[in-house]
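Inspection log for the structure reproduced underneath, given as structure tokens.
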Amino acid sequence: MGLDINVLIADWSWLAKVPPRERLSRLRDAWYADETGLWDHDAPVVEGDWEWPRGPHSTSFAVYEFRGTLGSFKAHFWAAERWESIRDHADPLVRAGLDTLLLGLTWRGLDGEAEHIDPGFFCDDPAVTHGVLLARSPDSVRKLATTSERVRPRLGELRGVYNEHAAVSQGWVSDFDAFTRLMDDWGHVLSEAARRGWGVVGLSE
């Protein structure tokens, strides 16, 4: 099966009304509620767009459907692996920007120790926060969105080195277009959350 990821943006004023220990259950309870309509498996899902819940929490959160990932975390993992293959060949400014962006989202970094959960967003009890892959506060989201806006216009500079050092015949994020598509989708998530002053959460269910 493998690890999955569901990326949500959440209204911080709604989520922060409860203590950190209760925030994840507040979000999950609202997400899983029958009236949201998000669990209708017969309903079409539009990739590259938002799913907004119906019912009382219709303005509290939204789920983003990444393109070409089938909800799998593997696409995000392999994007980071491909980045490691080309980062030494990137312009220093592009390298610094993508390092910051990916370290803030899903990449563990060259030392494998980067964390993706802001302190105080949820509680520190692993039993309570099981399945949380990403939790960024509105302040962190704004910084990441700014970084994304700065670096995304220059991604095209990496096509040649990606084709030479990272492209594969098959597998996740096998070509440069798949890499940039994923970066564009993260940019959409961050910009929308930043515009609203919301947080970003990534959950494995």
Pairs satisfying salt bridge (charged side-chain N to carboxylate O under 4.0 Å, His left out), at least one member in residues 166-188, at least two apart: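 Passing the test, one end in residues 166-188: R67-D185, R152-D184, R159-D177.
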
Geometric cation-pi criterion, R28 with W31: 6.0 Å, 45°: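 Not flagged: R28 not positioned over aromatic ring of W31.
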
Mutual orientation of the aromatic rings belonging to W50 and W52 [parallel < 30°, tilted 30-60°, perpendicular > 60°]: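 Ring orientation of W50 relative to W52: tilted.
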
Qualifying side chain to side chain donor-acceptor pair (under 3.5 Å) pairs, either residue in residues 119-136, two or more places apart: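 Every pair satisfying side chain to side chain donor-acceptor pair (under 3.5 Å) with a residue in residues 119-136: R21-D125, D118-R136.
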
Salt bridge (charged side-chain N to carboxylate O under 4.0 Å, His left out) partners of E22, counting only residues at least two apart: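 For E22 there are no salt bridge (charged side-chain N to carboxylate O under 4.0 Å, His left out) partners, ignoring immediate neighbours.
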
Residues forming a salt bridge (charged side-chain N to carboxylate O under 4.0 Å, His left out) with R54, sequence neighbours excluded: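 Counting only residues at least two positions away or on another chain, R54 forms no salt bridge (charged side-chain N to carboxylate O under 4.0 Å, His left out).
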
Candidate pair L133 and T106, rule side chain to side chain contact (heavy atoms under 4.5 Å, CB included), full reasoning: CA-CA 8 Å; L133 303 177; T106 57; over 6 Å; no

Check: W186 ring centre within less than 6.0 Å of H76 ring centre: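 Centroid separation for W186 and H76: below 6.0 Å.
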
Centroid-centroid distance, W172 to F77, less than 6.0 Å: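 No - the distance between ring centres of W172 and F77 does not fall below the 6.0 Å cut-off.
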
Side chain to side chain, L105 and L190, heavy atoms closer than 4.5 Å: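 Side chain of L105 against side chain of L190, heavy atoms only: contact under 4.5 Å found.
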
Under 3.5 Å donor-acceptor, E51 side chain and Y64 backbone: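 Pair absent, no side-chain N/O of E51 close to backbone of Y64.
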
Donor-acceptor contacts, no H, no angles, side chain residues 143-150, under 3.5 Å, sequence neighbours left out:
residue: T146; atom: OG1; partner: R142; partner atom: O; Å: 3.0
residue: T147; atom: OG1; partner: K143; partner atom: O; Å: 3.1

Give the table of side-chain donor-acceptor pairs shorter than 3.5 Å for residues 11-20, with sequence neighbours excluded, one pair per line with atom names and distance.
residue: D11; atom: OD1; partner: S13; partner atom: N; Å: 3.0
residue: D11; atom: OD1; partner: S13; partner atom: OG; Å: 2.7
residue: D11; atom: OD2; partner: S13; partner atom: OG; Å: 3.4

Closest non-hydrogen atom pair between A10 and W198, with its separation: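 Looking at all heavy atoms of both residues, the closest pair is O-CB, 3.0 Å.
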
